[in-house]
Amino acid sequence: MDLIKETEKRKTFAIISHPDAGKTTLTEKFLLFGGAIQTAGAVKNNKIRKTATSDFMEIEKQRGISVATSVMGFDYAGKRINILDTPGHKDFAEDTYRTLTAVDSVILVVDCVKGVEEQTERLMEVCRMRHTPVIIFINKMDREGRNPFELLDELESKLEILVRPLTWPISQGQTFKGVYNLFEKGLNLFEANTTRISQTLIRIDDPSDPELENWIPESFCNKLREDIDLIEGVYEPFNEEFYREGYLAPVFFGSAINNFGVKELLETFLKIAPSPGKREAAERTVNASEKTMTGFVFKIHANLDPNHRDRTAFFRICSGTFERNKFYYHTRLGKKLRFSSPTQFMANEKSVIDEAWPGDVIGLYDNGSLKIGDTLSEGEELHFRGMPSFSPEIFKILENRDPMKTKQLDKGIRQLTEEGVAQLFIQHGTRKIVGTVGELQFDVIKFRLEHEYGAMCEFTPLRYHKAFWITSDNREMLDEFLRRKWTSVGMDKEEHPVYFAESEWMLKVAREDYPDIEFHTTSEFKTEGQQKKAK
Ligand code: G4P
C-alpha cells in the first residue's frame, strides 16, 4: 500500500473536556456517524463514573473496559479516523496529558452553561505547549447558557488562543432555533432528536436575504443579522494555517445529545484537521512520509489479573509502515524487539494486524521492556520529544508496612510508576515520595502493590504544593541550592533534581534568592524553553 496515501487518510485526535461537558456523548455520536457502533450507549461504559474514592474495584472494572476503547478507529468519508480516548476523571489527568502527545489535533468540548472550567484550562495548556490544533465545540445549546459572545471572550482570555466562530447559534435553551453556518453559508434548524443522522443545510448565502424569514421568526432573523455583522467586524476570516499552527481555534455550536451540529463539526474537522506530519525527536525532525518506521509508547495498560501479568503498550506510529513480526530497535535498551501480535482497535473491537501506518495507534504486548516515552525505530538512535512528566499536585511518603517484602515493594512501585500511575521521587537516597494529580492514584497503588506484588504500604501526606525540575548553568549556585534546601529536594526517575515548593510564595522566594536557577514545571526543559522563546 502507498505510505503517503495511507498517511493522508489518517486523522488521529482526541476529544477533551472538563468532566460532564459532553465528551462521551460527542464521541458516541461520531462513532454512530461512522457506522462504528449501532446503538447509543455503547461508549458510556467507557466513562469513569463519579464513584466514591473508596470504590476502587468499581473503578478498576471500568478501567478494564476502557482499555478496549482507548482507541476508537473507524472509516468515514474515505478517511481513517482514530479517536484516542482520554479519561474524563480529573485524577487521571496525567494519562490524558500523555495521550495528547500522541494526537495530531483535538476537539475541545465546552458546556455553554458553565463556560471554560478548570480542567479545560489545564488541558489547553498542554495543547498550547505542543501547538496542537484545536477545534472548539460549544455544547448543550438546548440549555439556557451564557451569551455566546461572552463565551468567545472567555475562551480567548482563559485559554489564550484566538477563536473564530464557524457556526453561530440562533438563540438558545427553550427558544434555540439552530445555527447559521458561516463557513458553508446556510441554516441548520434545530430539532430535538437523538437518533437522526443527517441534517440538511438550507442554503442561504446571505443572511440579509428575506428567505431567512421563511424559516425562523423575524425577530430571531434580525438578531442573527446583527450578530453576524458584529462577528464579521470583530473576527478575522478563518485562517486554516493559523488553526494548523495551533494559534486559532474555529468554534462550533451545537447539542451533542440531540445530534445537532455534530455532522458539521465532523465534516469540517475532516476538511481542516491535519493528517500525521512532522514529529520532533531529540536528534532530528521525523517526517511521517519517511519509509523507515518510527514511533513511541505513550501509555501502558497492565492486566490486573494476577494470573495474566501481561501489559499492553500503546504505540503511536510516527513514520513508515509498522509490520508484524519485523524486528525493531528499542532505543533505550539498545536491543531489537519483535511483535508477533500487534493489535488494532476498531470501534469496540481489537484485532491482530499485519501492518499499520503513521497516525495509527497499536497495542503491543509487553512483558516489561517497554516504558512510557520509549522509541522504536529501524536502527536509528531516536528519542521523540514531547513526553514530559508534569508536576504532580499531591505528594506522599511511601512507607513499607512489611519489612519482609521490601524487594516486592521496590519492584512494584518501580513498575507502577513506569506505567505512569504516579511519579516517584527519591529523597535523601532512600525516602520514596509518590506524586500524583489525584487522591485516587494512592488507592490504586496501595491496592495493586498488595494484590500484584504482595507488598503492604502506607502513605504519609506531605505539605508540598508542586514539584519543579531545576537546572542551572551556574553549578555553584545549583549545588548551594541543593545543600540549603535539602529537605525540599529529591531526584526523579532520571536522577534529575526536583524542588518541592510548599507554596507559590516559597517558589517566588526561591526564584529571587537563586536567580540563576531555572524552575521547570515539566521534566522536558527544552520544550519549555523553546516555548518561552516562541512567546
Ligand atoms: P463527559 O464525557 O464530558 O463527562 O460528559 P457526557 O457526555 O457523559 O455528558 C454529561 C451529561 O451531559 C450527560 O448527562 C449527558 O447526557 C449530558 N449532555 C451531553 N450533551 C448534551 C446536550 O447537548 N444537551 C444537554 N442538555 N445535555 C447533554 P447525565 O445526566 O450526566 O448522564 P446520562 O444519564 O444522560 O448518561
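For the pair S391 and A467, the tightest heavy-atom approach, listed with the atom from each and the gap, is OG-N, 2.8 Å. Residue T375 comes nearest to H383 through the heavy atom pair OG1-CA, 3.6 Å, listed as atom of the first residue, atom of the second, then distance.
A donor and an acceptor atom, one from each side chain of T294 and S319, are located under 3.5 Å apart. Between the side chains of E118 and H18, no donor-acceptor pair is found at a separation under 3.5 Å. Side-chain polar atoms of S208 and D206 form a donor-acceptor pair below 3.5 angstrom. Between the side chains of E8 and S275, no donor-acceptor pair of N or O atoms lies under 3.5 Å.
Here the side chain of T167 pairs no donor or acceptor atom with the backbone of N181 at under 3.5 angstrom. Listed for the Q172 side chain is a donor-acceptor partner under 3.5 Å among the backbone atoms of G145.
Ring centroid separation for the pair F269 and F13 comes in under the 6.0 Å cut-off. Residues F260 and F190 place their aromatic rings such that the two centres sit under 6.0 Å apart.
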Exercise for the section: Check the pair D360, R10 against salt bridge (Lys or Arg N to Asp or Glu O under 4.0 Å), reporting the backbone distance first and the verdict last. Expected result: CA-CA 8 Å; D360 282 344; R10 277 156 169 81; 2.7 Å; yes

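Between F253 and W168, the angle of the ring planes goes over 60°, which puts this pair in the perpendicular group of the 30/60° scheme.
R284 has a carboxylate O that lies under 4.0 Å from a charged side-chain N of E290, or vice versa, which qualifies the two as a salt bridge. For the pair K508 and E512, the salt-bridge criterion is met [side-chain N within less than 4.0 Å of a carboxylate O].
With a 4.5 Å cut-off on side-chain heavy atoms, E439 and F442 count as touching.
Legend: salt bridge (Lys or Arg N to Asp or Glu O under 4.0 Å) pairs involving residues 228-238, not counting sequence neighbours, sorted by first then second residue: R164-E232.
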